[in-house]
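One structure is given below, encoded as C-alpha cells.
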Amino acid sequence: MENYDNIYLEPGLKESITKLKNSMNAVIMAHSYQTHDVQSIADFTGDSLELARKAADTDADVIVFCGVDFMAESAKILSPSKTVLLPDTEARCPMAAMCDVQGLVDLKKQHPDAVVITYINSSAAVKAESDVICTSANAVKIVEHYKNRKIIFTPDKNLGSYCSEITGADIILWNGYCYVHDEFSTGDIYIAKHQHPGCLLLVHPESPREVLEHADFIGSTSQIIKFVEENASAMDEQAGVIIGTEIEIANTLQNRFPHKKIYPLAEHAVCRQMKKTTPEKVLKSLQSGTTEIFVEKSVRDKALGALKKMLELS
Ligand code: 13P
Ligand code: SF4
C-alpha cells in the first residue's frame, strides 16, 4: 500500500480536485514516474500497459492523464467518446518524437513483408502505420508471436535489441531511445555496486545492452515493482536492490518498504517531461478543460487496430 502521509499539498487543494473530479465523473490516471504528489491525487497509478488497459475499461466521462503526450493520445484512441485532458502540453516524450511517419512509411517500402511492431512511446500517426503496439511489459511476448517474420521495431533501439536477443527474431531497429535509460552506463553500475555491495540490480529494458548484461532482473516498471514486492520479505539487513529505471520507482519503493535497502542506480535518472505535471496543474485542467487531446478519425481508426491487437496478444 502506498503511504502518502509525508505529502504536503496546499491546504484545500486535494479537496478541490476531488470535488470537481466527482462532479465531472472524471478519473485521474498517473504513470509511476509522476511525482509522489501527483500520485497521491490519482485514482490509478501504473505503467504504460496498466494505464492503457484502464483507459480502455473506464466508464468515467473525463480522463485526466498525468503522464506524457503519447499516453494521453493512447487513452483517447482507446476511449474516443471520452474527454482526455493532458494537464501540461509540454509533457512530451522525446523518444516518441524520434520516429516520424514519413521515415516509417519509407522503411516499410524497403521491407514490404515486415511486420511493424511499435512501442507505445510513439505518436498516434506512427501507431496508425503499425501492425501492433507493445509496451515494455509485453514487448518480448509480442515479438515472440511474430518471430518467424521479419520485424521492423520502432522507436526504441534498446528495447528492440533486447527483444531480438531473447527471442532470436530478425529485427530492423529504429534509432530511437529514452534519454533517461540510455544514459545508464557500466560506470553507474560500478559505483552503485561498490557503494551497495551484495545488492541485486534490477533494470528496465529501455537501457543499453552493456547495462542489461549486468542485471539480475530485467523488467518493465510494473515488473520491477512486482519483483520487489514479492522478494521484500527475503531482503535482509545485508542485501537490497539497486533500481535501474526512472528515479521515482526507487523513491516509491523506499517509501513503501522503509526498512529495506532500495537504491536508485543513478541520481541522474530523472524524466523531466514526466515531472512537468503538478497537482495544481491537475486542478486547473479540471477547471478549464485544458488541454484536451484530439486524434483525427482516420488516424485513430488505424491506430486503434494496432492497440487492440496489443491488448489481444498480451
Ligand atoms: P513502462 O511504463 O512500460 O515501464 O515504460 C516506461 C516509460 O518510459 C514510460 O514512458
Ligand atoms: Fe519518454 Fe523516457 Fe520519459 Fe518515458 S522516461 S516519457 S520514454 S523520455
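Counting convention: from 1, in listed order, for ligands and their atoms alike. None of these values were measured; they are calculated from a predicted model.
A side-chain donor from one of Asp106 and Gln102 sits under 3.5 Å from a side-chain acceptor of the other. Side-chain N/O atoms of His214 and Thr186 include no donor and acceptor closer than 3.5 Å. In the model, Thr118 has a side-chain atom that pairs as donor or acceptor with a side-chain atom of Thr154 under 3.5 Å. A donor-acceptor pair shorter than 3.5 Å cannot be found between the side chains of Asp156 and Asn121. No side-chain donor-acceptor contact under 3.5 Å links Tyr177 and Glu183. Side chains of Glu206 and Tyr119: a donor on one and an acceptor on the other come within 3.5 Å.
Within a 6.0 Å radius of NZ in Lys281, more than 12 heavy atoms belonging to other residues, nucleotides or ligands are found. Summarising the local packing, NZ of Lys54 is surrounded by 12 or fewer heavy atoms from other residues, nucleotides or ligands at distances under 6.0 Å.
The side chain to side chain donor-acceptor pair (under 3.5 Å) check on Ser48 picks up nothing, with sequence neighbours excluded. Listed by chain and number, the residues in a side chain to side chain donor-acceptor pair (under 3.5 Å) with His36 amount to none (sequence neighbours excluded).
Around atom 1 (Fe) of ligand 2, protein N, O or S atoms at less than 2.8 Å number 1.
The distance from ligand 2 to the heavy atoms of Tyr33 drops below 4.0 Å at these ligand atoms: 5 (S).
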Check ligand 1 against the protein and report each N/O to N/O distance under 3.5 Å, formatted as atom name, atom name, distance.
unit_1   : atom_1 : unit_2 : atom_2 : d
ligand 1 : 2 (O)  : His31  : NE2    : 2.7
ligand 1 : 2 (O)  : Ser48  : N      : 2.9
ligand 1 : 2 (O)  : Ser48  : OG     : 3.0
ligand 1 : 3 (O)  : Ser136 : OG     : 2.6
ligand 1 : 4 (O)  : Ser136 : OG     : 3.1
ligand 1 : 4 (O)  : His204 : NE2    : 2.9
ligand 1 : 4 (O)  : Thr221 : N      : 3.0
ligand 1 : 4 (O)  : Thr221 : OG1    : 2.5
ligand 1 : 8 (O)  : Glu206 : OE1    : 3.4
ligand 1 : 8 (O)  : Glu206 : OE2    : 3.0
ligand 1 : 10 (O) : Asn121 : ND2    : 3.4

